[in-house]
K.L.:
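Let me give you the structure first, and then I'll get to my questions.
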Amino acid sequence: MLHLLKKAKTYAERVAIQSDGKEFTYGYLNERSDEIASFLLGDESDLNEERIGLLVRPDIHYVVALWGIWKSGGIAVPLSLSAKESELDHYISDSNITLIISSNNCEEQKKIPQKNSINIQNIENINAVECMSLPTLGNDRKAMIIYTSGTTNKPKGVITTHGNIEAQITALAEAWKWTKEDHIPLILPLHHIHGIINSLCCPLYVGAKVSMLGGFNVDKVCKEISQSNYTVFTAVPTIYFSLIEKLEETNNQEIFNGFKRLRLIMSGSAALAPEIHKKWEKLTSQKILERYGMTEVGMALSNKIDGERRPGAVGEPLPNVEIKLEDENGNEIMEEGEIGQILLKGPQVFMEYQNLPKKTQASFRDGWFLTGDIAVLENGYYRLLGRDSIDIIKSGGYKISALEIEDVLLKHKNVKECAVVGKDDNKWGEIVVAAIIPKNKTISEEELQNWCSKYLSDYKIPRIFKFLDGLPKNSMGKVTKKELKNIFS
Ligand code: MLC
Ligand code: AMP
């Protein structure tokens, strides 16, 4: 069982979560999650890795449900609240979810069959849930499946164990000096590790306070920061872009003071442009600490909390992370300044991909996980240079598969051929763009956007379409996406 859950008892009186204007103590979290675990267990003594979906808004209910699933021996599968039905269908069938815990109205909105879902408030309103003895779980027990896009056309489920999650949390608690006096606003979605591990589990592990703001809204964040005693802030680069726009137009000193008061401000999930790093420092006198992570490994590299925070670099390995760079031929790079793929090893590295044994096997070599990220070591710090696959796009911190979008576009009756790439963008990092060879000249951008929005989450929908007579291809007939990117740039 995670120490995160055990330690909550020792902070029983402290405030753990602030949500919807109310405060909830660690004691409350502990009791409610015990009740949820007991409810889920019914007559069983252990859920034995049954998969439970979590379609719950980012509020107190999310936390008690997540802990309840873990305590009962289930595997939590956090689901995106903005996912479209066909995306949810994939997560549900691929991970073999037997029950979905949902917030009010979420199940109807997403058309989840009633028999497969239970409203979190209904569980919490069942007064007579008698708390039973909960199972003892070893570190090797599976705990969570998170869906992330990749070079497969459907998102893949990354399975982590209790041991992996524990290692991911403790490395950050140590490296970033989390203490129970810390207070963080949670503004990120709770179906990805940046939100789940960095913003939620890490502070709860040390007895700190998390204010769940229900998602990112620039005005709300600025108001909160100016009025509360936050100490830590973490976000994706797109959020810093929006905050800078706000800071440049306001003369409300309380907002500036709020950001200046923070002891630690971090960015990750996508590259933070050095200009944003520098602008932010000029505006708030705070140097953003950039770090690098991945769903499969948690956080791996970080700039130093008490040392250099170098713009454009992601720093050095976090505690217990082993790293090496390899060239295209699989030879280890021994010198600084040479470019290679990042390989990682350590207790935080995930167990396997759901239902993809071959993909899992191909992702490891001699126990090292092949990240697909290309980097260079310079004066002791790693700097990321991109990815080895052009089919992976990062937009607003979300990882997006070009192949998944092409699949949807090709199902449209008027699309003969298509190719999707990422176009560099100051705010979003990259935006999704698509080249289309139409079957019929009357097809419009709006029609294709509407088509995509039926099947894809909003952030995956192409923002620019180009209608071409032919796609650039090599002598083998394969689309040359580098060339295509140039057409868009
Ligand atoms: C939204 N919009 C986009 C877009 N997403 N435009 C281009 N590209 C995108 N990707 C448009 C909308 O259509 C809308 O346009 C406008 O922007 C506002 O939309 P929104 O949905 O309200 O945006 P906002 O709430 O501001 O969302 C931005 C965001 C969000 C950055 C807060 O994308 C987000 O929460 N990202 C975080 C993802 C994350 O947690 N990743 C971590 C993965 S884990 P209009 O015209 O209607 O106004 C990982 C490992 C690690 O990566 O290392 O951490
Ligand atoms: P995900 O699969 O959503 O967990 O995304 C992980 C990917 O995000 C990594 O493989 C990197 O490509 C990218 N990433 C994470 N942090 C950074 C960073 N600080 N700079 C550049 N890319 C990053």
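Just the heavy atoms: all of them, side chains too, but no hydrogens, waters or symmetry mates, feed the values below. Counting convention: from 1, in listed order, for ligands and their atoms alike. Along the sequence shown, residues carry numbers from 1.
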K.L.:
Is it true that the side chains of Asp182 and Thr231 contain a donor and an acceptor less than 3.5 Å apart?
P.N.:
yes
K.L.:
How far is atom 16 (N) of ligand 2 from the closest protein heavy atom, and which atom is that?
P.N.:
Ser269 N, 3.2 Å
K.L.:
So does Asp458 pair up with Arg463, basic N to acidic O under 4.0 Å?
P.N.:
no
K.L.:
Which option wins on minimum heavy-atom distance to atom 11 (C) of ligand 1: Trp428, Tyr459, Tyr292?
P.N.:
Trp428
K.L.:
Within the 4.5 Å heavy-atom criterion, are Thr250 and Phe256 side-chain neighbours or not?
P.N.:
yes
K.L.:
Would Lys460 count as a cation-pi partner of Tyr398, with NZ or CZ less than 6.0 Å from the six-membered ring centre and within 45° of the ring normal?
P.N.:
no
K.L.:
For atom 7 (C) of ligand 1, which protein heavy atom lies nearest, and how many Å away is it?
P.N.:
Arg463 NE, 3.4 Å
K.L.:
Do Glu406 and Lys481 sit within salt-bridge range, that is, some charged N less than 4.0 Å from a carboxylate O?
P.N.:
yes
K.L.:
With nothing but distance in play, are any N or O atoms of Gly293 less than 3.5 Å from an N or O of ligand 1?
P.N.:
yes
K.L.:
Less than 6.0 angstrom separating the ring centers of Trp178 and Tyr205, yes or no?
P.N.:
no
K.L.:
Go through ligand 2 atom by atom and flag the ones less than 4.0 Å from a non-hydrogen atom of Met294.
P.N.:
4 (O), 6 (C), 10 (O)
K.L.:
Kindly give the heavy-atom pair with the smallest separation between Gln18 and Ser211, and that separation in Å.
P.N.:
OE1-OG, 2.6 Å
K.L.:
If you scan the protein for heavy atoms around atom 16 (C) of ligand 1, do you find one that is closer than 4.0 Å?
P.N.:
no
K.L.:
Is atom 19 (O) of ligand 1 less than 4.0 angstrom from some protein heavy atom?
P.N.:
no
K.L.:
Measure from atom 22 (O) of ligand 1 to the protein's non-hydrogen atoms and state whether any distance is below 4.0 Å.
P.N.:
no
K.L.:
Among all the protein's non-hydrogen atoms, which is closest to atom 1 (P) of ligand 2, and how far away is it?
P.N.:
Thr295 OG1, 3.4 Å
K.L.:
Does the protein put a heavy atom under 4.0 Å from atom 42 (C) of ligand 1?
P.N.:
yes
K.L.:
Identify the closest protein heavy atom to atom 18 (C) of ligand 2: which residue and atom is it, and at what distance?
P.N.:
Ala270 O, 3.4 Å
K.L.:
I need the nearest protein heavy-atom contact for atom 2 (O) of ligand 2: residue, atom name and distance, please.
P.N.:
Lys399 CD, 2.8 Å
K.L.:
Looking only at the side chains, is there a donor atom on one of Glu87 and Ser80 sitting less than 3.5 Å from an acceptor on the other?
P.N.:
no
K.L.:
Under 4.0 Å from atom 54 (O) of ligand 1, is there at least one protein heavy atom?
P.N.:
yes
K.L.:
Just by distance, with hydrogens left out, do His192 and Thr295 show a side-chain donor and acceptor under 3.5 Å apart?
P.N.:
no
K.L.:
State whether Lys427 and Glu245 are salt-bridged, where the test is any N-O pair (Lys NZ or Arg NE/NH1/NH2 against Asp/Glu carboxylate O) under 4.0 Å.
P.N.:
no
K.L.:
Which of the numbered atoms in ligand 2 are under 4.0 angstrom from any heavy atom belonging to Thr148?
P.N.:
1 (P), 2 (O), 3 (O)
K.L.:
Decide whether an N or O pair under 3.5 Å exists between Ser269 and ligand 1.
P.N.:
yes
K.L.:
So, Ser242 side chain and Val218 main chain: donor-acceptor pair closer than 3.5 Å or not?
P.N.:
no
K.L.:
Is there a protein heavy atom less than 4.0 Å away from atom 38 (C) of ligand 1?
P.N.:
yes
K.L.:
Starting from atom 22 (N) of ligand 2, find the nearest protein heavy-atom neighbour and note its residue, name and distance.
P.N.:
Leu384 CD1, 3.4 Å
K.L.:
Of all the atoms in ligand 2, which lie at a distance below 4.0 Å from a heavy atom belonging to Glu290?
P.N.:
18 (C), 19 (N), 20 (N)
K.L.:
Under 3.5 Å between some N or O of ligand 1 and some N or O of Thr238?
P.N.:
no
K.L.:
Distance to 0.1 Å, residue and atom name: give those for the protein heavy atom nearest to atom 10 (O) of ligand 2.
P.N.:
Asp373 OD2, 2.5 Å
K.L.:
For atom 30 (C) of ligand 1, what is the closest protein heavy atom, and at what distance to 0.1 Å?
P.N.:
Tyr398 CE1, 4.1 Å
K.L.:
Hey, what's the ring geometry for Tyr230 with His183, parallel, tilted or perpendicular (30° and 60° as the breaks)?
P.N.:
tilted
K.L.:
Please list the nearest protein heavy atom to atom 26 (O) of ligand 1 with its residue and the distance rounded to 0.1 Å.
P.N.:
Phe216 CD2, 4.1 Å
K.L.:
Which bit of Arg387 is near ligand 2, meaning a heavy atom under 4.0 Å away: side chain, backbone, both or neither?
P.N.:
side chain
K.L.:
Ignoring hydrogens and geometry, is there a side-chain-to-backbone donor-acceptor pair from Lys466 to Ala435 under 3.5 Å?
P.N.:
no
K.L.:
Is it true that Lys460 lies under 4.0 Å from ligand 1, counting heavy atoms only?
P.N.:
no
K.L.:
So that I know where these two stand, are Tyr459 and Trp428 an aromatic pair - ring centroids less than 6.0 Å apart?
P.N.:
no
K.L.:
Give the C-alpha distance, both sets of side-chain angles, the deciding distance and a yes or no for side chain to side chain donor-acceptor pair (under 3.5 Å) between Ser267 and Trp280.
P.N.:
CA-CA 12 Å; Ser267 173; Trp280 187 264; over 6 Å; no
K.L.:
Can you tell which of Ser395, Ser242, Ser453, Gly397 gets a heavy atom nearest to atom 10 (N) of ligand 1?
P.N.:
Ser395
K.L.:
Specify whether the nearest protein heavy atom to atom 48 (O) of ligand 1 is under 4.0 angstrom away.
P.N.:
no
K.L.:
What is the closest protein heavy atom to atom 6 (C) of ligand 2, and at what distance does it sit?
P.N.:
Gly293 O, 3.5 Å
K.L.:
Would you mind listing which atoms of ligand 2 come within a distance below 4.0 Å of any non-hydrogen atom of Lys394?
P.N.:
1 (P), 3 (O), 5 (O), 6 (C), 7 (C), 8 (O)
K.L.:
Does the protein put a heavy atom under 4.0 Å from atom 45 (P) of ligand 1?
P.N.:
no
K.L.:
Looking at Lys177 and Asp306, is any side-chain nitrogen of the basic one under 4.0 Å from a carboxylate oxygen of the acidic one?
P.N.:
yes
K.L.:
Any side-chain donor-acceptor pair under 3.5 Å between His61 and Ser103?
P.N.:
no
K.L.:
Check the pair Ile17, Leu204 against side chain to side chain contact (heavy atoms under 4.5 Å, CB included), reporting the backbone distance first and the verdict last.
P.N.:
CA-CA 9 Å; Ile17 299 288; Leu204 294 183; 4.2 Å; yes
K.L.:
List the closest protein heavy-atom neighbour of atom 35 (O) of ligand 1: residue, atom name, distance to the nearest 0.1 Å.
P.N.:
Pro189 CD, 3.4 Å
K.L.:
In this structure, are over 12 heavy atoms from other groups packed under 6.0 Å from Asn251 atom CG?
P.N.:
no
K.L.:
If the threshold is 4.0 Å, N to carboxylate O, is there a salt bridge linking Lys345 and Asp366?
P.N.:
no
K.L.:
Looking only at protein heavy atoms, which one is nearest to atom 52 (O) of ligand 1, and what is the separation?
P.N.:
Lys394 NZ, 2.8 Å
K.L.:
Measure from atom 50 (C) of ligand 1 to every heavy atom in Gln449, Glu296, Met294, Lys427 and give the option owning the shortest one.
P.N.:
Met294
K.L.:
Tell me, which protein residue and heavy-atom name are nearest atom 19 (N) of ligand 2, and how many Å apart are they?
P.N.:
Arg291 O, 2.7 Å
K.L.:
Check this for me - ligand 1, Thr295, N or O atoms closer than 3.5 angstrom, yes or no?
P.N.:
no
K.L.:
Would Gly396 count as a polar contact of ligand 1, with the cut-off being nitrogen or oxygen pairs under 3.5 Å?
P.N.:
yes
